[in-house]
Protein chains: 2
Amino acid sequence: MKIATYNVNGINARLPVLLRWLKEFKPDIVCLQELKAPPEKIPEDAISEVGYNAIWHGQKRWNGVAILAKNLEIEEIQRALPGDPEDEQSRYIEALVHGLHICGLYLPNGNPAPGPKFDYKMLWIKRFKKRAKELIKENKPCILMGDFNIIPAEKDVYKPERWVDDALFRPEVRKEFEELQKQGWIDAIRFLHPEETIYTFWDYFRNAFSRNAGLRIDHFLLSPGLEKQVKRAGVDLEVRGWEKTSDHAPVWMELEKK
Amino acid sequence: MKIATYNVNGINARLPVLLRWLKEFKPDIVCLQELKAPPEKIPEDAISEVGYNAIWHGQKRWNGVAILAKNLEIEEIQRALPGDPEDEQSRYIEALVHGLHICGLYLPNGNPAPGPKFDYKMLWIKRFKKRAKELIKENKPCILMGDFNIIPAEKDVYKPERWVDDALFRPEVRKEFEELQKQGWIDAIRFLHPEETIYTFWDYFRNAFSRNAGLRIDHFLLSPGLEKQVKRAGVDLEVRGWEKTSDHAPVWMELEKK
DNA sequence: GTAGATAACG
DNA sequence: CGTTATCTAC
């Protein structure tokens with residue numbers, strides 16, 4: 001069972017790349033972020049034609065998350081992060097797929113920090129931690145996955161010193177990521193590759209990808225015990241090199257049967 | 001000697017189509033309109049690579065005219081229509097090419113009429129007639145060519161009754177086109193094809209091209225005597241059917257040696 | 001419908 | 001840099 005997360009940066013602009021990736025890399029369960037399309041403009045038919053079911057939470061211009069599954073039913077649980085009925089941003093979706101509890105998230109970027117956007121990010125994280133704690137208590141296999149917009153540690157960014165004041169790397173944000181792990185969640189990529197330099201995002205500008213000036217901000221957080229079923233994980237770097245590609249690469253992990 | 005006029009509707013958006021047309025149809029002298037690009041963004045190198053010299057009069061967003069010539073020198077005469085130093089719109093360019101006096105023009109659309117835009121159109125036409133009269137007096141071979149935004153007669157529009165109040169077809173505008181002809185200028189297309197239905201423009205919307213819901217608004221006006229050298233003229237309809245094409249088709253005429 | 005400019009967001 | 005939306009013009 002191959003599970004992947006991919007910030008597409010515009011599902012319609014990315015459609016050829018997305019479809020090619022689905023066809024060539026065949027992930028079983030996928031969380032997408034930054035659809036940047038209203039619900040009615042999600043290319044459902046094209047996704048269906050390559051064999052995927054899908055549920056999504058889109059909004060007019062920005063954000064937007066989806067869960068795709070290949071020949072598997074997707075049972076939606078909720079499509080909003082609890083804790084703030086006023087929150088209009090479509091950044092969260094939760095479903096049961098193949099007995100797995102999947103939470104797809106697109107955590108706020110938060111820049112510039114400090115400021116209202118950073119405040120929103122911190123509040124969003126607090127709401128998310130609350131939901132994460134509930135899920136831990138359920139004691140069922142669960143994955144929190146998506147674009148966290150959090151660089152967990154110095155080794156997850158090409159030049160840490162340049163990022164100290166950035167909302168993706170500020171100490172209070174990293175601390176929240178640590179606290180999630182203290183709840184019991186396991187950072188799958190780091191669990192399998194404790195020391196390796198692994199990036200999932202490279203800015204479009206200044207040839208960031210060819211210079212490998214990247215960040216690791218797309219993550220899988222596994223509920224306790226699930227790590228025993230994860231033997232392989234990685235980043236589809238090749239996709240980041242395709243024409244008209246996203247600034248993120250797809251990130252994947254393989255889940256073995258118990 | 002093949003001479004052509006083509007409203008490209010954005011020279012950069014149209015570059016593949018323009019280059020393909022130049023390579024396949026090999027016009028010797030070309031007037032372009034609606035470059036929609038500032039002078040520094042005219043793709044000079046690409047045009048040069050397919051064998052054309054060029055001069056242009058571009059402006060930031062709209063309008064913009066150019067003269068291209070294949071292996072021929074272009075001697076610029078002026079790049080503004082005389083008569084209003086305040087006029088900022090780049091709609092006129094004049095040059096000597098191969099002994100021919102070429103005036104490339106993009107006459108204002110003028111809609112909605114009545115209104116300031118229509119007033120500007122009428123004033124522009126008056127200035128243009130003045131220059132045209134001067135050119136007639138010079139008694140040298142000269143062609144006024146480009147997008148006139150004038151439908152000369154009922155047979156030049158698919159549904160005349162729908163266009164009576166349009167700035168392209170209003171009686172006072174048609175009258176000005178007639179007056180140009182009274183100065184001595186000869187409408188080359190109509191001279192060769194007195195009765196044929198010939199269109200040069202089809203709206204993008206409502207499948208105007210496939211319904212042949214077109215207009216004839218791109219013209220060649222020949223100085224007296226030049227008509228004897230023109231034996232063939234037409235519209236490159238095929239180009240209007242290409243991918244990412246302009247709403248105008250290229251219009252051409254062939255000039256024989258005396 | 002299409003193009004270009006601009007603004008917002010990342 | 002690059003995506004989407006809005007605006008303007010045609």
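Per chain, numbering begins at 1; letters A, B, ... match sequence-line order.
B/E40 has its CD atom 14 Å from the P atom of C/dG4, to the nearest Å. Distance A/E88 CD to C/dA8 P: 20 Å, rounded to the nearest Å. If you take CZ of A/F209 and C1' of D/dG2, they are 17 Å apart, rounded to a whole angstrom. We find that CG of A/N207 is positioned 10 Å from P of D/dG2, with the value rounded to whole Å. Rounded to a whole Å, the CG atom of B/L15 is 13 Å from the P atom of C/dA3. Rounded to whole Å, atom P of C/dA3 lies 14 Å from atom CG of B/L18. Spacing between atom CG of B/N12 and atom C1' of C/dG4 amounts to 10 Å, rounded to whole angstrom units. Distance OH (A/Y6) to P (D/dT3): 11 Å, rounded to an integer number of Å.
Of the possible polar contacts, none joining the A/K36 side chain to the A/N12 backbone as a donor-acceptor pair under 3.5 Å is found.
Residues A/R131 and A/Q78 form a side-chain contact, since some pair of their non-hydrogen atoms from C-beta on lies under 4.5 Å apart.
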Short N/O separations, protein against nucleotides 7-10 of chain D, under 3.5 angstrom:
unit_1 : atom_1 : unit_2 : atom_2 : d
D/dA9  : O5'    : B/K117 : NZ     : 3.4

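Contact annotation: A/K41 side-chain N/O to D/dT4 OP1/OP2 distance is not under 4.0 Å.
With distances taken from any side-chain atom of A/K60 to the nucleotides C/dA5, D/dT6, C/dG4, the minimum falls on D/dT6.
Ionic pairing of B/R170 and B/E172 is present here: one or more N-O contacts between side-chain nitrogen and carboxylate oxygen are shorter than 4.0 angstrom. Between A/R127 and A/D87, at least one side-chain nitrogen of the basic residue sits less than 4.0 Å from a carboxylate oxygen of the acidic one, meeting the salt-bridge criterion.
Of the two residues contacting DNA chain D, namely A/R206 and A/Q59, the nearest-nucleotide position lying further toward the 5' end is that of A/R206.
A/R14 comes within contact range of the sugar-phosphate backbone alone, with a heavy-atom separation under 4.0 Å but no base atom that close.
The ring of A/F148 has its center closer than 6.0 angstrom to the ring center of A/F177. Ring pair B/W252/B/F25: centre-to-centre distance not below 6.0 Å.
Annotation: cation-pi geometry satisfied between B/R174 and B/F169 (NZ/CZ under 6.0 angstrom from ring centroid, within 45° of ring axis).
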